[in-house]
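Structure, as structure tokens:
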Amino acid sequence: SRGLGDVYKRQGYQHVITPHIGQKELYITSGHYEKYGKDSFRPISTPNEGEEFMLKPMNCPHHFQIFLEKPRSYKELPLRIAENATVYRFEKTGELNGLLRVRSLTQDDTHTFIRQSQITEEINRILDFAETTYKTFGFKDYEARISTRDKKHFEKYLGNEKVWDKAEKALISAAKQRKMNYFIGEGEAAFYGPKIDIMVKDALDRTWQLTTVQLDFVQPENFNLNYINEQGKEERVVVLHIAIFGSVERFLAILIEQYGGAFPLWLAPVQVVVLPLGEKHLKFSQKVLEILKANQIRAEIWENESVSKRIRNFEIQKIPYALVIGDKELKNKTVAIRDRDKGDLGEISLAKLLEKLNKEIKSKK
């Protein structure tokens with residue numbers, strides 16, 4: 001979560017934290033309760049009569065309250081708000097599927113408040129962010145789905161058709177300017193606005209929806225979201241609902257398949273294990289562990305079991321590197337490094353080891 005927060009801060013987002021529950025009235029105003037109330041919302045009991053709170057199934061209304069905290073000037077726009085938020089949706093038992101579909105999920109959920117004149121530039125900025133993210137994680141095969149309304153059944157959507165025409169044209173224009181591969185998903189839009197979904201193929205040739213960029217002219221009307229323009233008059237903002245990773249749990253499931261569980265060094269939960277051969281090597285091994293952690297390397301020390309069993313567990317868990325420490329290494333103050341993919345790499349000094357690890361990690365930052 002902290003890592004995601006740092007990424008968004010570098011992209012110009014203000015990182016916030018909102019409550020896990022919200023007043024029912026918020027979701028009635030946004031239209032979510034009418035649309036999804038029976039399926040997604042679960043009430044929270046409170047001791048005060050007349051209070052109605054719900055487990056939070058989405059963050060939009062909460063971020064709108066942050067925008068409404070004070071009068072906003074055109075000079076503040078775009079105003080970008082990001083949250084790594086846990087939300088709760090009462091999925092049916094038969095719909096649950098490991099990490100891919102859960103009832104409590106974490107989203108990298110962001111909302112950007114912009115002027116109409118900033119729409120294309122901001123969408124392109126977000127798509128740049130998304131494509132950089134895909135490159136970092138090794139996803140190369142993806143295309144955009146522009147989700148539009150079902151024109152034959154407009155009663156399913158909020159707002160008016162003129163506003164929807166404007167929003168859909170803005171998204172298609174952004175995709176064309178970037179020369180992205182895209183297709184139209186008619187009838188796939190959310191009830192309050194059209195969106196661009198980035199569809200990514202994983203290592204098993206399955207297609208997943210990851211990034212979502214949703215253009216919203218409707219919620220600013222529902223919540224009276226305004227800014228003061230250059231002439232001192234109020235104008236409606238436009239809201240962009242954005243998620244680069246979407247559900248973090250689902251994204252992790254996709255990554256596990258993408259890498260077959262063998263994460264690259266920068267991504268591995270445990271990057272290095274230290275394996276002392278005997279009790280007399282333990283003290284130096286602990287010192288090596290301290291040095292690794294001091295250099296922000298995620299490391300563990302494994303002892304007690306036989307060396308062969310520890311090596312076997314290292315291979316099964318697909319940890320990038322193991323550092324074996326025996327008599328020779330203790331004498332020379334070195335380690336014997338074992339690569340997950342290449343096997344034994346021989347003896348190496350601690351200085352050279354840190355240089356190697358940091359170089360490999362920084363290549364992805």
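Computed from a prediction, not measured in an experiment: that's the story for all the values here.
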Check: Looking at R115 and E121, does any basic side-chain N land under 4.0 Å from a carboxylate oxygen?
Finding: no
Checklist line | Check against side-chain contact (heavy atoms from CB on, under 4.5 Å), V274 and L292 | finding: CA-CA 10 Å; V274 182; L292 290 170; 4.0 Å; yes
Item checked: Least distance between heavy atoms, I146 atom then A175 atom -> CD1-CB, 3.9 Å
Next item on the list: Look at atom CD1 of I316 and say whether more than 12 heavy atoms of other residues, nucleotides or ligands are closer to it than 6.0 Å.
Entry: yes
Note to self: Are L277 and I301 connected into the same hydrophobic cluster when the rule is that any two of I, L, V, M, F, W, Y join if their side-chain heavy atoms are below 4.5 Å apart?
What the structure shows: no
Notebook entry, point to check: What pairs of residues pass the side-chain hydrogen bond (donor to acceptor under 3.5 Å, both in side chains) test when at least one of them lies in residues 182-191, not counting sequence neighbours?
Noted result: none
Margin query: Do T18 and H63 have side chains that approach each other closer than 4.5 Å (heavy atoms only, starting at C-beta)?
Written below: yes
Next item on the list: Decide yes or no on side-chain contact (heavy atoms from CB on, under 4.5 Å) for R125 and R80, but give the supporting numbers first.
Entry: CA-CA 12 Å; R125 188 176 183 279; R80 306 179 182 99; 3.3 Å; yes
Item checked: Flag side-chain contact, heavy atom, 4.5 Å: P61 against S30 -> yes
Notebook entry, point to check: Are the side chains of E279 and E303 in touch, meaning some heavy atoms are under 4.5 Å apart?
Noted result: no
Next item on the list: Provide the closest heavy-atom pair for G246 versus D108 in the form atom of the first, atom of the second, distance.
Entry: N-OD1, 2.9 Å
Check: Are the charged groups of K356 and D339 less than 4.0 angstrom apart, N to O?
Finding: no
Note to self: Taking CD in Q65 as the centre, count heavy atoms belonging to other residues, nucleotides or ligands within less than 6.0 Å. Is the count above 12?
What the structure shows: yes
Note to self: ring pair (Phe, Tyr, Trp, His ring centres under 6.0 Å) for F251 and F245? Distances and angles first, verdict last.
What the structure shows: CA-CA 6 Å; F251 188 74; F245 298 94; 4.8 Å; yes
Notebook entry, point to check: Any idea which heavy atoms bring L330 and K280 closest together, and the distance?
Noted result: CD2-O, 3.8 Å
Checklist line | Any side-chain heavy-atom pair of L105 and T86 under 4.5 Å | finding: no
Margin query: Could you check whether any side-chain heavy atom of S173 comes within less than 4.5 Å of a side-chain heavy atom of Q177, counting everything from C-beta outward?
Written below: yes
Item checked: Single-linkage hydrophobic cluster, 4.5 Å side-chain cutoff, Y142 and I244 together -> yes
Item checked: F263 six-ring face occupied by K318 cation (under 6.0 Å, within 45°) -> no
Margin query: Check for me, please, whether F217 and I172 land in the same ILVMFWY cluster - side-chain distances under 4.5 Å, paths through other members count.
Written below: yes
Next item on the list: Considering only NZ, NE, NH1 and NH2 on the basic side and carboxylate oxygens on the acidic side, decide whether E83 and K56 come within less than 4.0 Å.
Entry: yes
Item checked: More than 12 heavy atoms of other groups within 6.0 Å of K151 NZ -> no
Item checked: Validation row, ring centre F137 to ring centre W266 under 6.0 Å -> yes
Notebook entry, point to check: Would you call T212 and H241 a side-chain contact if the rule is heavy atoms closer than 4.5 Å?
Noted result: no
Next item on the list: Identify whether M180 and I184 are in the same connected component of the hydrophobic contact network (ILVMFWY, side-chain heavy atoms under 4.5 Å).
Entry: yes
Next item on the list: Treating Ile, Leu, Val, Met, Phe, Trp and Tyr as nodes and any side-chain heavy-atom pair under 4.5 angstrom as an edge, say whether L265 and I348 lie in one connected cluster.
Entry: yes
Next item on the list: Given side-chain contact (heavy atoms from CB on, under 4.5 Å), test V213 with I198 step by step and report yes or no.
Entry: CA-CA 9 Å; V213 184; I198 308 297; over 6 Å; no
Checklist line | salt bridge (Lys or Arg N to Asp or Glu O under 4.0 Å) against R236, all qualifying residues, sequence neighbours excluded | finding: E221
Next item on the list: Please step through side-chain contact (heavy atoms from CB on, under 4.5 Å) for the pair F139 and I254, ending with a clear verdict.
Entry: CA-CA 11 Å; F139 295 109; I254 296 168; 3.8 Å; yes
Notebook entry, point to check: Are the charged groups of K328 and E347 less than 4.0 angstrom apart, N to O?
Noted result: yes
Notebook entry, point to check: Can the ring centres of F223 and F64 be said to be less than 6.0 Å apart?
Noted result: yes
Next item on the list: Could you tell me whether the side chain of V272 reaches within less than 4.5 Å of the side chain of I319, counting heavy atoms only?
Entry: no
Checklist line | Residue pair T112 / I81, side-chain heavy-atom distance below 4.5 Å | finding: no
